[in-house]
Asks: 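Pasting a structure here, questions to come.
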Amino acid sequence: QQQVKQSPQSLIVQKGGISIINCAYENTAFDYFPWYQQFPGKGPALLIAIRPDVSEKKEGRFTISFNKSAKQFSLHIMDSQPGDSATYFCAANFLTGTASKLTFGTGTRLQVTL
Amino acid sequence: KAGVTQTPRYLIKTRGQQVTLSCSPISGHRSVSWYQQTPGQGLQFLFEYFSETQRNKGNFPGRFSGRQFSNSRSEMNVSTLELGDSALYLCASSFGQGAGKLFFGSGTQLSVL
């Protein structure tokens with residue numbers, strides 16, 4: 001089964017704190033791991049992504065940590081802001097021939113309080 | 001550059017009816033994917049089209065179908081609607097291969113009564 005398990009389901013963090021969302025995958029054929037951010041009434045937007053040959057990728061306040069041997073990856077949001085309050089989805093890319101599709105985690109609803 | 005445009009934004013149908021949703025991808029993008037989003041099941045892949053050909057299909061019944069036109073615009077059709085089809089239907093486009101780099105529209109919220 002090509003699943004991506006995501007935790008926690010919801011997260012409350014104080015402004016300025018660090019938000020951490022974790023994901024685990026099963027299929028070692030996955031070769032691309034993006035994170036998407038979704039605000040109410042909008043579609044998901046690509047936030048940051050990583051390939052399995054890299055252990056960490058940082059873009060501004062957002063960092064992905066990737067552990068290939070454990071088949072786990074996580075999103076860290078440093079200095080969390082109220083504007084970061086959204087639902088975050090991890091995902092994995094699974095290539096089948098010339099086609100490709102995303103398998104999404106179940107989502108984490110992040111609330112950043114003042 | 002304009003983003004992915006989905007129409008209509010909201011739709012209310014009754015059981016047994018059929019519905020067609022439309023998606024215009026970002027200019028130059030040749031791949032269009034469709035996803036169903038529900039609170040219980042999350043984001044589920046429906047199908048992907050590239051150059052008018054269906055490249056991949058998710059685990060949905062045959063009532064769900066789609067097509068892509070020569071200008072890359074895509075439509076999704078659901079026939080014989082069921083209450084469980086109520087969901088946000090999201091269209092996403094990408095330049096080519098590499099489904100991770102998807103650009104999503106705001107979706108069509110379908111309610112089946």
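By convention in this document, chain letters (A, B, ...) are assigned in the order of the sequence lines, proteins followed by strands, and residues within each chain are numbered from 1. Excluded from the calculations below are hydrogen atoms, water molecules and symmetry mates; all remaining heavy atoms, backbone and side chain alike, are included. Model, not experiment: these values are computed from the prediction.
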Asks: Answer with yes or no whether the hydrophobic clustering places Leu83(B) together with Phe60(B); edges join I, L, V, M, F, W, Y residues whose side-chain heavy atoms lie under 4.5 Å apart.
Replies: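 Same cluster: Leu83(B) reaches Phe60(B) through Ile, Leu, Val, Met, Phe, Trp or Tyr contacts under 4.5 Å.
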Asks: Do other residues, nucleotides or ligands put more than 12 heavy atoms under 6.0 Å from the CZ atom of Arg109(A)?
Replies: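 Result for CZ/Arg109(A): open.
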Asks: Given that the side chain runs from C-beta out, which part of Phe33(A) has a heavy atom under 4.5 Å from chain B: side chain, backbone, both or neither?
Replies: neither
Asks: Counting only heavy atoms from other residues, nucleotides and ligands, does the tally under 6.0 Å from CG of Asn59(B) exceed 12?
Replies: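 Counting other residues, nucleotides and ligands, CG of Asn59(B) stays at 12 neighbours or fewer.
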Asks: If you measure from CZ on Phe45(B) to OG1 on Thr103(A), what distance do you get to the nearest 0.5 Å?
Replies: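 Answer for the CZ-OG1 pair, Phe45(B) versus Thr103(A), is 9.0 Å.
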Asks: Would you say Tyr35(B)'s side chain and Leu102(A)'s backbone share a donor-acceptor pair under 3.5 angstrom?
Replies: yes
Asks: Looking only at non-hydrogen atoms, find the nearest pair between Lys42(A) and Ser106(B) and report the distance.
Replies: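 Shortest heavy-atom contact: CD-OG, 4.0 Å.
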Asks: Calculate, to the nearest 0.5 Å, the distance between atoms NZ and CG belonging to Lys101(A) and Leu46(B) respectively.
Replies: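 With rounding to 0.5 Å, NZ (Lys101(A)) is 10.5 Å from CG (Leu46(B)).
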Asks: Mind checking whether Ile64(A) and Leu47(A) sit in one hydrophobic cluster, side chains of I, L, V, M, F, W, Y counted as touching below 4.5 Å?
Replies: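 Shared cluster, yes.
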Asks: Would you find more than 12 non-hydrogen atoms of other residues, nucleotides or ligands less than 6.0 Å from Arg15(B) atom CZ?
Replies: no
Asks: Between atom CD of Gln44(B) and atom CZ of Phe104(A), what is the distance when rounded to the nearest 0.5 Å?
Replies: 10.5 Å
Asks: Of the backbone (N, CA, C, O) and the side chain (C-beta and beyond), which part of Gln37(B) lies under 4.5 Å from a heavy atom of chain A, both, or neither?
Replies: side chain
Asks: Could you check whether any side-chain N or O of Tyr36(A) sits under 3.5 Å from a backbone N or O of Leu102(B), counting only pairs where one atom can act as donor and the other as acceptor?
Replies: yes
Asks: Is Tyr25(A) linked to Ile50(A) within one hydrophobic cluster, defined over Ile, Leu, Val, Met, Phe, Trp and Tyr using a side-chain heavy-atom separation of less than 4.5 Å?
Replies: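 Result: yes, single cluster for both.
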Asks: Using heavy-atom distances under 4.5 Å, tell me whether Leu43(B) contacts chain A through its side chain, its backbone, both, or neither.
Replies: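 Its backbone and side chain both get close to chain A.
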Asks: Taking everything shown except Glu59(A) itself, do over 12 heavy atoms lie less than 6.0 Å from its CD?
Replies: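 More than 12 heavy atoms, drawn from other residues, nucleotides or ligands, come within 6.0 Å of this atom.
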Asks: For a quick test of reading the model, state the closest non-hydrogen atom pair linking Lys101(B) to Leu46(A) and the distance between them.
Replies: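 Minimum heavy-atom contact is CA-CD2, 4.2 Å.
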